[in-house]
Engineer: 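Right, I'll just put the structure down here and ask away after.
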Amino acid sequence: MPELPEVETVVRGLRGPLIGRRITNMWHDWARTIHSPGAAEFAARIAGQSITAVDRRGKYILIKLEHDALVVHLKMSGRLYVADAESTNEADRWVHVRFDLDNGQQLRFSDMRKFGRVYLTNDLANLLGHLGPEPLSVDFTLAGFRAGMHGRKRAIKAQLLDQEFVAGVGNIYADEALFRAGIHPAAAAGTLSDEESARLRGTIRDALQSGIEHEGASINWYRKPDGQKGESQNHFTVYGRTGLPCLQCGTAISKIRVAQRGTHFCPLCQPART
DNA sequence: CGGACAACCTGGCGGC
DNA sequence: TGCCGCCAGGTTGTCC
């Protein structure tokens, strides 16, 4: 589910309720959700630590503690929210990890499909070292963007989904960025002209920024920490618009398979390479 | 290097 | 209504 804009929205919503709180206890009912360390050490180590900051790196949520960081990846269906200990809501039936806070509230990790993972580490660099630049930061340079694609034969969409190349882009915003740039998703990455590369780098940032401004996309399970839906899905230009008229030229939007992912594009505005 | 595919999981939807 | 297959915002590992 969540790509960079959704994760960013979650992080922004959690700062207020979490910063300054102390974690007193941990509960879980699905061992695989706890990536590392093992559940016993995890619980013993996190108890008593206060939360100092809540940040994001790519699609990872980083909850900074006094001596460690609690890292959460939502994968496809994860939700992270704070609630009063006695209160309940619709996502609770899929809660698999829960942290008690020192003010009577709880940080709950709900995950219907159970792909999500939590980590506790004092070595963030080791956990996140494989990630490429943050697309909205100054680290996302045009020179690096071009260099990463140079000589690559794989589809540009597969390239954009590679978290080592750029961190945080997923299936939705890859389609959105390629549509806005007028580039066919199956085009070999290394064949982009300098001008196309510059344009695409810009539309990646635009598409992600738009997603953040609309507080993420709620197609199915994604919700902001306050339980409300995001609005980004109402502003998609191509994702999920199969068969509908292209917003630029009116041609029916096509759906194909690229990098084993459903891929939406306009056959006229994003012509195939010959 | 990279493509194809299976795993990991559950639920919603369309078709019959 | 029931059953079946397919699809879904992600990542990792294996095989060729």
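All chains are named by letter (A, B, ...) in the order of the sequence lines, taking the proteins before the strands, and each is independently numbered beginning at 1.
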Engineer: What does A:Arg117 touch in the nucleic acid at a heavy-atom separation under 4.0 angstrom: a base, only the sugar-phosphate, or nothing?
Structural biologist: nothing

Engineer: Heavy atoms under 4.0 Å, any strand shown: does A:Gly116 hit a base, just sugar-phosphate, or nothing?
Structural biologist: nothing

Engineer: Check the geometry between A:Phe115 and C:dT11 and answer yes if their rings are stacked (centres below 5.5 Å, planes below 30°), otherwise no.
Structural biologist: no

Engineer: If we count only N and O atoms by modelled type, under 3.5 Å, do the side chains of A:Thr263 and A:Lys157 hold a donor and an acceptor together?
Structural biologist: yes

Engineer: Counting only side-chain heavy atoms from C-beta out, which of B:dG11, C:dT12, C:dA8 sits nearest to A:Lys255?
Structural biologist: C:dA8

Engineer: Out of C:dG10, B:dG11, B:dA4, which nucleotide sits closest to the side chain of A:Gln260?
Structural biologist: B:dA4

Engineer: Determine the interatomic distance between P on B:dG11 and the same-named atom on C:dT11; round to the nearest Å.
Structural biologist: 22 Å

Engineer: When you check the phosphate oxygens OP1 and OP2 of C:dG10, does a side-chain N or O of A:Arg261 lie under 4.0 Å from one of them?
Structural biologist: yes

Engineer: So, the side chain of A:Gln233 versus the backbone of A:Ser218: is there a donor-acceptor pair under 3.5 Å, distance only?
Structural biologist: yes

Engineer: Say you pick atom C1' in C:dG10 and the same atom in B:dC1; how far apart are they, in whole Å?
Structural biologist: 22 Å

Engineer: Have a look at A:Tyr173 and say if it touches a base, only the backbone sugar-phosphate, or nothing, with a 4.0 Å heavy-atom cut-off.
Structural biologist: nothing

Engineer: Side chains of A:Asp100 and A:Thr24: donor-acceptor distance under 3.5 Å anywhere?
Structural biologist: no

Engineer: Watson-Crick or G-U wobble partner for B:dC9, using a 3.5 Å limit on both distances?
Structural biologist: none

Engineer: Looking only at atom P, what distance separates C:dC3 and B:dC8, rounded to whole Å?
Structural biologist: 24 Å

Engineer: Is A:Lys59 salt-bridged to A:Glu3, cutoff N-O under 4.0 Å?
Structural biologist: no

